[in-house]
Protein chains: 2
Amino acid sequence: MNVRTLCLGILSFSDMTGYDIRKMAFEGSFSHFCEASYGSIYPALSQLTNEELVTYRDEVSEGKPARKIYSITEKGRAVLLHILHEQPGPDRFKSEFLFYSLFYDKMPPSQFRNLLNKKISDISEKLEGLKGALDCCDHEPSHFAIGYGVAINTAVLDYLKTQVEKFDGEAETPPCPPKDTFKETSHERS
Amino acid sequence: MNVRTLCLGILSFSDMTGYDIRKMAFEGSFSHFCEASYGSIYPALSQLTNEELVTYRDEVSEGKPARKIYSITEKGRAVLLHILHEQPGPDRFKSEFLFYSLFYDKMPPSQFRNLLNKKISDISEKLEGLKGALDCCDHEPSHFAIGYGVAINTAVLDYLKTQVEKFDGEAETPPCPPKDTFKETSHERS
DNA sequence: TACGTCATGTAAGTCGTTACATGATTGG
DNA sequence: CCAATCATGTAACGACTTACATGACGTA
């Protein structure tokens with residue numbers, strides 16, 4: 001799905017700025033199955049505006065940058081519904097990590113173990129995020145989509161944890177301290 | 001990872017034509033974590049040849065199209081090893097299906113149930129393929145990578161199967177015969 | 001004062017897909 | 001004979017990313 005459709009979909013939930021859309025598609029609860037950067041979002045929004053699928057109102061408040069708050073139009077909703085009627089394209093999963101793993105027998109053992117550990121902590125972190133989103137989400141369809149992400153990441157984490165044991169036996173485990181390096185959240189809001 | 005690196009990696013396992021590489025990256029045991037089409041593979045191979053990371057020999061045998069069989073060079077292996085030393089980029093998962101699912105409450109119930117059923121049969125098929133590859137594979141790293149795919153797809157399948165029940169209760173299930181509709185090998189013509 | 005966040009946007013460039021062009025062979 | 005498979009390649013196009021340009025405000 002292209003960025004135009006993505007914007008249309010996100011705006012169908014609530015009015016938003018381009019900045020906000022990028023956040024949702026990059027860090028928010030959409031981010032586990034899509035991505036978009038400013039360079040694609042802003043042009044997409046202009047185009048959608050030209051086609052009258054969205055409109056915007058300028059908001060100029062004191063002490064804040066001027067912002068354009070986009071809303072989907074009726075026409076936009078109709079187009080979105082129409083798009084949803086087509087068959088969705090196939091899911092795509094791209095993993096540089098898995099590509100690397102094909103050559104683990106050609107790397108020093110510690111190198112691959114580090115990759116595994118890094119992966120495990122990345123997935124753990126992502127999984128925590130998804131689980132958090134799952135709890136504080138009452139929109140059923142989002143629940144479904146986030147649950148899907150939770151299912152995948154849980155499975156991957158389990159798989160990696162069973163696999164890492166196989167490699168831990170092979171030699172000593174020297175350089176893998178990044179475990180709690182990112183976990184620094186002890187002072188959430190002081 | 002770009003197509004150049006992908007070709008280099010695949011050729012590190014065995015000599016192959018561009019056609020074969022595309023098959024591996026599209027249908028073979030690489031296809032669950034990468035993709036590449038002719039339009040990117042052939043230019044990549046030319047480029048790699050210019051850089052002397054691969055070479056090819058022409059094979060002109062009776063009754064077959066002429067083909068270029070590519071081999072990785074020593075220099076190519078060195079470059080590959082060097083690339084593997086860098087941190088792999090993050091995995092990316094793109095799902096149009098999940099995007100669609102966010103709007104299931106805005107579709108007719110049968111539409112989403114069809115999507116679910118389609119998804120379930122697609123994943124089942126893919127899972128069978130992966131499991132088959134897992135059994136007849138003695139290369140350990142490939143085993144790891146395929147096992148990863150099996151883990152993901154098993155989890156997704158389980159998730160979808162539990163979810164589909166929730167939607168099955170809501171209305172009767174009329175149009176989902178596409179099981180063997182694609183399998184149509186018989187062509188009745190005059 | 002300097003950095004981080006909010007906020008919008010453009011231009012250049014990368015990367016890859018789709019569709020096309022070509023042609024031989026095999027099997028039903 | 002027709003379709004599928006094997007086989008190579010190019011050109012046009014599309015989609016997105018990166019980096020840049022701009023600027024105001026809050027806070028440490």
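Every chain is numbered from 1 and lettered A, B, ... according to where its sequence line falls, protein lines coming before strand lines. This one's a predicted model, so the numbers in the text were calculated from it and none came from an experiment.
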- Task: Compute whether any side-chain donor of one residue and acceptor of the other, for B/Tyr104 and B/Gln111, lie under 3.5 angstrom apart.
- Result: no
- Using atom CZ of B/Arg92 as one end and atom P of D/dT17 as the other, report the distance to the nearest whole Å. 8 Å
- Given atom CG of B/Asp58 and atom C1' of D/dT8, what is their separation to the nearest angstrom? 11 Å
- Would you say a side-chain N or O of B/Lys68 is under 4.0 Å from OP1 or OP2 of D/dG9? yes
- Message: In this structure, how many angstroms lie between the P atom of C/dG9 and the CG atom of A/Asp20, rounded?
- Response: 13 Å
Please list each protein N or O that sits under 3.5 Å from an N or O in nucleotides 10-16 of chain C, with the distance.
none

- Task: Output yes when at least one side-chain N/O atom of B/Lys23 is less than 4.0 Å from OP1 or OP2 of D/dA7, else no.
- Result: no
- Message: Using 30° and 60° as the class boundaries, would you call the ring planes of B/Tyr38 and B/Tyr42 parallel, tilted or perpendicular?
- Response: parallel
- Query: Hey, are A/Asp135 and A/Lys131 close enough for a salt bridge, meaning a charged N less than 4.0 Å from a carboxylate O?
  - Reply: no
- Message: Measure CZ/A/Arg67 against P/C/dC6 and give the value in whole Å, please.
- Response: 10 Å
- Message: Taking any heavy-atom pair under 4.0 Å as a contact, classify B/Phe26: base, sugar-phosphate, or nothing.
- Response: nothing
- Query: Between A/Arg92 and B/Glu35, is the closest basic N to carboxylate O distance under 4.0 Å?
  - Reply: yes
- Task: Round to the nearest Å and state the distance from A/Tyr19 atom OH to D/dC25 atom P.
- Result: 16 Å
- Note on the structure: B/Arg22 CZ to D/dA7 P, in whole Å, measures 13 Å
- Give the rounded distance in Å between these two atoms: CD1 of A/Ile21 and P of D/dC16. 14 Å
- Query: Would B/Arg22 count as a cation-pi partner of B/Tyr19, with NZ or CZ less than 6.0 Å from the six-membered ring centre and within 45° of the ring normal?
  - Reply: no
- Query: Salt bridge check: are A/Glu51 and A/Arg4 linked by an N-O gap of less than 4.0 Å?
  - Reply: yes
- Could you tell me whether B/Arg67 and B/Asp58 make a salt bridge, using a distance below 4.0 angstrom between a side-chain N and a carboxylate O? no
- Query: Expressed in angstrom and rounded to an integer, what is the separation of A/Met16 atom CE from C/dC6 atom P?
  - Reply: 15 Å
